[in-house]
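Okay, structure first, notes after.
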Amino acid sequence: MVVEWLSNDGKNTLGHVSVLELEGNKTTGPHHALTNRDYQAIRNINDEEHLLTNSLTAAGEALSYATFQNIGTDANVTDALTKRIENRIVSNTINLAYTRIPSSYDINGIRVPTEDRVSVLKASALVGAQLDAGVSAVVPPLPNGLSSIPIFKRIMQRTTSEIELFDKDKEIVGLIPAMSKNLDKIPQIVKEYVKNDVRVFAMDFSGAALPRSFIRTTVRAIRESLKIKKDNEPQEKHYYLHAFNTSVNMKSSLPVTPVADILTHAYSVDSTSSVMWGGGELEFEKLRYYNIGDYGAYRIGKLDDYSNVKVPFALPQDDPVEAYNRLRAHRIIDYAQDCKTTISQKIGSNTPNSDYAAYLLSKPRTVNQVQNILTDVEEIKAV
């Protein structure tokens with residue numbers, strides 16, 4: 001495994017240009033990692049040349065109760081999960097498969113917590129499914145809402161044992177599950193990961209847009225555990241940070257709302273991936289167009305009110321699903337181009353006019369969010 005920061009912002013953000021190499025495949029951040037739904041959306045508009053741009057695939061699924069209940073005890077369920085993950089693996093890329101366990105399930109109207117139900121058999125089967133499917137690194141099957149360090153250590157021990165049992169030389173991804181009520185446990189979890197030589201980490205945003213306390217606590221814990229005190233630390237202190245289940249924009253019913261996922265790179269997030277669940281009925285008027293010029297997410301039905309913003313491609317008004325897929329595909333492509341042609345250059349350049357923070361502040365739709373991020377960065381650096 002190779003984790004290396006090619007350049008750091010060194011000014012007002014924690015942004016860096018990074019390289020992650022696993023099993024002969026390499027990816028460069030910052031960027032958006034494609035999920036299976038992303039691939040499908042891009043294929044639908046025949047832009048296949050963009051498919052493998054960043055060489056990182058975020059596979060996996062949000063586990064249904066039936067799968068969680070029977071994994072490890074029913075071979076058919078375990079085999080079916082393995083097959084689903086395998087079908088989402090993309091050759092010649094780094095593949096991470098996150099089998100997401102919610103904090104609880106609704107069983108006949110009663111919320112049933114999952115934390116103390118991740119048995120040794122379930123943990124072993126969930127790790128085994130990843131290994132059998134051919135992942136590049138293993139994500140420990142930690143439930144969201146985790147509050148018990150002993151349970152964390154038990155699952156980590158099973159993860160390590162399963163990798164050894166399979167005789168696989170696989171890295172472990174240091175997953176920080178969604179745990180808004182237990183942020184005080186994050187430093188202990190990160191410290192355990194670092195003790196086990198983990199340097200690839202992942203957070204579960206659980207569909208939230210810029211969960212600041214969660215990001216701030218996690219990034220600070222990683223930097224403290226790796227004893228990072230300055231920007232030009234040696235390579236052995238470099239880390240890679242991914243964010244699963246990130247929201248594209250801030251939740252709002254307003255005609256324009258700030259984008260969110262691309263802003264996380266200022267916190268030292270190397271890659272993001274979109275939510276791995278979804279459904280429901282789409283309404284054409286409420287779909288949003290992601291405008292890279294000002295980092296605003298515009299409701300299609302209100303675009304006539306903004307003469308400076310135009311969708312540069314046709315949208316089928318009678319087919320909201322197809323319209324959504326086209327908007328999604330072009331958003332991913334615009335995100336990739338912004339990272340490659342602008343953000344990476346702003347981070348990597350030492351010239352006075354190349355300032356990543358200034359670039360973010362130049363986006364009028366996200367000024368408040370960026371100012372909050374810069375405040376968080378100051379706090380993290382001060383600690």
Legend entry - Heavy-atom check, side chain of Ile155 versus side chain of Val120, under 4.5 Å: no
Inset, instruction - Return yes if some donor-acceptor pair links the side-chain N/O of Thr67 with the main-chain N/O of Leu63 below 3.5 Å, else return no. - result: no
Inset, instruction - Using a strict cut-off of less than 4.0 Å between a Lys/Arg side-chain nitrogen and an Asp/Glu carboxylate oxygen, indicate whether Asp261 and Arg331 qualify as a salt bridge. - result: yes
Inset, instruction - Mind telling me whether His16 and Trp5 have parallel, tilted or perpendicular rings, with 30° and 60° as the class edges? - result: parallel
Inset, instruction - Look at the aromatic rings of Phe313 and His330 and report parallel, tilted or perpendicular, splitting at 30° and 60°. - result: parallel
Inset, instruction - Give a yes or no on whether the backbone of Cys339 and the side-chain of Ser344 come within a donor-acceptor separation of less than 3.5 Å. - result: yes
Inset, instruction - Mark yes or no for whether Gln130, through its side chain, and Val127, through its backbone, hold a donor-acceptor pair below 3.5 Å. - result: no
Legend entry - Qualifying residues under side chain to side chain donor-acceptor pair (under 3.5 Å), relative to Tyr289, sequence neighbours excluded: none
Legend entry - Any donor-acceptor N/O pair, Asp204 side chain to Ile176 backbone, under 3.5 Å: no
Legend entry - Donor-acceptor contact present, side-chain Arg199 to main-chain His238, <3.5 Å: yes
Inset, instruction - Flag the pair Phe205 / Phe244 as yes when their ring centroid distance falls below 6.0 Å, and as no otherwise. - result: no
Inset, instruction - Please examine the side chains of Leu315 and Arg326, heavy atoms only from C-beta on, and report whether any two atoms are closer than 4.5 Å. - result: yes
Inset, instruction - Could you label the plane-to-plane angle of the His31 and Tyr240 rings as parallel, tilted or perpendicular, counting under 30° as parallel and over 60° as perpendicular? - result: tilted
Legend entry - Cation-pi geometry met for Lys11 and Tyr356 (6.0 Å, 45°): no
Legend entry - Side-chain H-bond candidate by donor/acceptor type, Tyr65 with Asn70, under 3.5 Å: no
Inset, instruction - Taking the side chain as every heavy atom from C-beta outward, state whether Ile373 and Leu360 have any pair of such atoms under 4.5 Å apart. - result: no
Inset, instruction - Using modelled atom types only, decide if a donor and an acceptor are shared between the side chain of Asn245 and the backbone of Met276 within a distance under 3.5 Å. - result: yes
Legend entry - Pairing of Lys170 and Glu23 as salt bridge, 4.0 angstrom limit: yes
Legend entry - Ion pair check, Glu379 and Arg220, cut-off under 4.0 Å: yes
Inset, instruction - Look at the side-chain heavy atoms of Ile, Leu, Val, Met, Phe, Trp and Tyr, link any pair under 4.5 Å apart, and say whether Ile262 and Val309 land in one connected group. - result: no
Inset, instruction - With sequence neighbours left out, write down each residue that passes salt bridge (Lys or Arg N to Asp or Glu O under 4.0 Å) with Arg223, or none if nothing qualifies. - result: none
Inset, instruction - In plain terms, say whether Asp355 and Lys346 are close enough for a salt bridge, that is, a side-chain N and a carboxylate O under 4.0 Å apart. - result: no
Inset, instruction - Answer yes or no: is there an ion pair linking Asp294 with Lys363, defined by an N-O contact shorter than 4.0 Å? - result: no
Inset, instruction - Would you confirm whether the ring centroid of Tyr193 sits within less than 6.0 angstrom of the ring centroid of Phe152? - result: yes
Legend entry - Glu61 and its salt bridge (Lys or Arg N to Asp or Glu O under 4.0 Å) partner, picked from Arg88, Arg100, Lys83: Arg88
Legend entry - Aromatic ring pairing Tyr290/Tyr295, orientation class (parallel under 30°, perpendicular over 60°, tilted between): tilted
Inset, instruction - Please confirm whether the backbone N or O of Gln369 pairs with a side-chain atom of Thr366, one donor and one acceptor, at under 3.5 Å? - result: no
